[in-house]
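Quick notes on the structure that follows.
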Amino acid sequence: MEQDDRKLFVLDTNVLLHEPLAIYSFKEHDVVVPMTVLEELDSIKDRKRDVSRDARVAIRALEDTLGGETTPEQILAGVPLPAREGHDASGTLAIFPDHQLEMSSGLPGDHNDNRIINTALHLQKMHDPRPVVLVTKDINMRLKAKGAGIKLVEDYRTDQLIDDIRFLTKGFHQFDGNFWEHLEKVSTTRHGRQTIHEVPLKDLEDDHLYINQYLIDEESDFCGRVLSKDDTHLHILDLGRSRLLNLQAWGIKPKNVYQGMALQALLDPDIDMVILTGPAGCGKTLLAMAAALELVVERNQYDKVIVTRNTPEIAESIGFLPGTEEEKMAPWLAAITDTLEVLHKNDVNPHGSMSYIMDKANIQFKSINFMRGRSIQNAIVLLDECQNLTASQIKTMITRMGEGTKLICSGNLAQIDSNYLTAVTSGLTYIVERFKDFEGSANVYLNGVVRSRLAEFAEEHL
């Protein structure tokens, strides 16, 4: 490949915080990190926050490439990126001393974002006609860069698996009409209490079916779950819509078939991870909590319930709050205590029931910031508000799960609070797509708001 065909990528700080090893993601192209980015990483690395860990990993990755006997001249010119397992980077990495840059044109240099944009402008002029691309996750910075005259400005999309959230897997597939009318030949067998249908793939005319996907139709009582798939046949576990709607966990029954599918996955001991997505008020937290109590208290299948979620502000402030970790976490996990109140509102003494159940089910509130290094055994873990986590943060959580632990991830992709995440780059979207063919996980999009008619109208019309 000729030198002019290789692009020059200028990275913003937020790219390295989002993915600390981002320098290895640009294949044969060259990477430039402005000095301002190093200064920003330096100011972040010592904070008592989750992002500080990512800053330190990014700095170490830069040191691995540029450290040792590398001369200042080589760092300016670009040092070849070392071979790394799982990455095929073959370009170079350079540090650009943007403080020495004197711009007669460009943006005022008193702001870090402006310095990085000016660096990209300078490199664009210096290397013309070679393509120079500014990569940033800050949407406003992308607009400023375009306005300042940078031709190529991109978001960092290496971990983005879909282009439009409308294409995100819902976890179920609905057939038109009657499911059985699509089929010419079905072979049915019984295994204990389970009924399994073997269906020819050619009759279904759909290549997008995958393991643990739920199947429903418009007209019949049919509902099934894909158990396995080969080149010619699909094996479907017969669940039945009416049987799903009669499932029960801690006194809660499904209000629609989507909640029925979710509850079936939550109560199935063969499924290690359940991902629940959907709008506000669709019943994600209520179903997860009801299933957790049912499995821990009634069925004795697990020892405890651990509830955790991302708390951006908590890392700095939690130490100053009084009480135990559980008491400090309580304000951020009010959704869980609200749910417990709903589950026990008809009891003679709801407050006493809640205290008893919190103790009996061994419900623990934990901060996600303190989960690294742990190995959680024989528990149900509820990871709430997943839409605000990056792919690497969710990976950290999933890899904590030990033997006999069930993980329930829930989130609403329409309510993302993180500065640099969108619906398509959220860690929740990432795991929905990555885990859809794993036999140990199921994903259900809970269609429809059941909280109240007010919430339903707001979801549909606002």
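Below, all heavy atoms of this structure are taken into account, side chains as well, without hydrogens, waters or symmetry copies.
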Exercise. Please name the pair of heavy atoms, one in Ala379 and one in Tyr302, separated by the smallest distance, quoted to 0.1 Å.
Key: O-CD2, 3.7 Å
Practice problem: Determine the minimum heavy-atom distance between Ala265 and Val274, stating which atoms define it. | Solution: O-CG2, 3.6 Å
Practice problem: Determine whether Phe26 and Val133 make a side-chain contact, defined as any pair of heavy atoms from C-beta on separated by less than 4.5 Å. | Solution: no
Quiz prompt | Test item: Leu11 and Leu16 side chains (from C-beta on) under 4.5 Å apart, heavy atoms | solution = yes
Self-check item: SB check Arg142 Asp12 (cutoff 4.0 Å)
Solution: no
Quiz item: Does His197 reach the side chain of Leu183, with side-chain heavy atoms less than 4.5 Å apart?
Solution: no
Quiz item: Going by distance alone, is a donor N or O of one side chain under 3.5 Å from an acceptor N or O of the other, for Ser242 and Asp221?
Solution: yes
Quiz item: Closest heavy-atom contact between Thr308 and Val381?
Solution: CG2-CG1, 4.4 Å
Self-check item: Student check: side-chain heavy atoms of Gln194 and Leu237 closer than 4.5 Å
Solution: yes
Exercise. Among Val305, Ile306, Leu382, Ile380, find the one that has a side-chain contact (heavy atoms from CB on, under 4.5 Å) with Ile363.
Key: Val305
Exercise. Can you label the angle between the Phe222 ring and the Phe179 ring as parallel, tilted or perpendicular, going by 30° and 60°?
Key: parallel
Quiz item: Does atom CD of Glu184 have more than 12 heavy-atom neighbours from other groups under 6.0 Å away?
Solution: no
Practice problem: Identify which one of Tyr210, Tyr258, Tyr214 satisfies the ring-ring contact (aromatic ring centres under 6.0 Å, His included) criterion when paired with Phe172. | Solution: Tyr258
Exercise. Going by the side-chain contact (heavy atoms from CB on, under 4.5 Å) test, name the single residue among Leu134, Val135, Val15, Leu152 that passes it with Phe9.
Key: Val135
Quiz item: Looking at side-chain heavy atoms only, is the closest gap between Gln259 and Leu287 below 4.5 Å?
Solution: yes
Quiz item: Taking the side chain as C-beta and beyond, is there a heavy-atom pair between Leu293 and Glu298 under 4.5 Å?
Solution: no
Quiz item: Under the 3.5 angstrom rule, does the side chain of Lys360 hit a backbone N or O of Val297 as a donor-acceptor pair?
Solution: no
Quiz item: Does the pair Leu383 and Leu389 meet the rule for a side-chain contact (heavy atoms from CB on, under 4.5 Å), with working shown?
Solution: CA-CA 10 Å; Leu383 183 54; Leu389 297 174; 4.0 Å; yes
Quiz item: Are a donor atom and an acceptor atom from the side chains of Asp417 and Gln415 found within less than 3.5 Å of each other?
Solution: no
Exercise. State plainly whether the residues Asp155 and Lys137 are in salt-bridge range, i.e. N to O under 4.0 Å.
Key: yes
Exercise. Could you walk me through whether Asp272 and Met401 pass side-chain contact (heavy atoms from CB on, under 4.5 Å), step by step?
Key: CA-CA 9 Å; Asp272 302 325; Met401 303 303 124; over 6 Å; no
Quiz prompt | Heavy-atom pair of closest approach, residues Cys409 and Met273 | solution = SG-SD, 4.2 Å
Quiz item: Do the rings of Phe438 and Phe435 sit parallel, tilted or perpendicular, given the 30° and 60° boundaries?
Solution: perpendicular
Exercise. Check the surroundings of atom NZ in Lys395: do more than 12 heavy atoms from other residues, nucleotides or ligands lie under 6.0 Å from it?
Key: no
Exercise. Decide yes or no for Tyr24 and Pro82: does some side-chain heavy atom of the first lie under 4.5 Å from some side-chain heavy atom of the second?
Key: yes
Quiz item: With no hydrogens and no angle check, do the side chains of Thr422 and Thr425 hold a donor and an acceptor under 3.5 Å apart?
Solution: yes
Quiz item: Looking only at heavy atoms, what is the nearest atom pair of Val153 and Ala145, with distance?
Solution: CG2-CB, 3.8 Å
Quiz item: Should the heavy atoms of other residues, nucleotides or ligands under 6.0 Å from NZ of Lys146 be counted, would the total exceed 12?
Solution: yes
Quiz item: Does a donor on one side chain sit under 3.5 Å from an acceptor on the other, for Glu19 and Ser392?
Solution: no
Exercise. Identify which one of Arg225, Arg190, Arg243 satisfies the salt bridge (Lys or Arg N to Asp or Glu O under 4.0 Å) criterion when paired with Asp238.
Key: Arg243
Practice problem: Give the C-alpha distance, both sets of side-chain angles, the deciding distance and a yes or no for side-chain contact (heavy atoms from CB on, under 4.5 Å) between Asp113 and Asn140. | Solution: CA-CA 10 Å; Asp113 284 0; Asn140 192 56; over 6 Å; no
Quiz item: Closest approach of Val257 and Leu245, non-hydrogen atoms and distance?
Solution: N-CD2, 3.8 Å
Quiz item: In terms of heavy-atom contacts, does CG of Leu143 have more than 12 from other residues, nucleotides or ligands at under 6.0 Å?
Solution: yes
Quiz item: Between Lys229 and Leu201, does a side-chain contact (heavy atoms from CB on, under 4.5 Å) hold up when you go through it step by step?
Solution: CA-CA 9 Å; Lys229 178 183 179 181; Leu201 271 177; 4.1 Å; yes
Quiz item: Are the side chains of Lys304 and Val296 in touch, meaning some heavy atoms are under 4.5 Å apart?
Solution: no
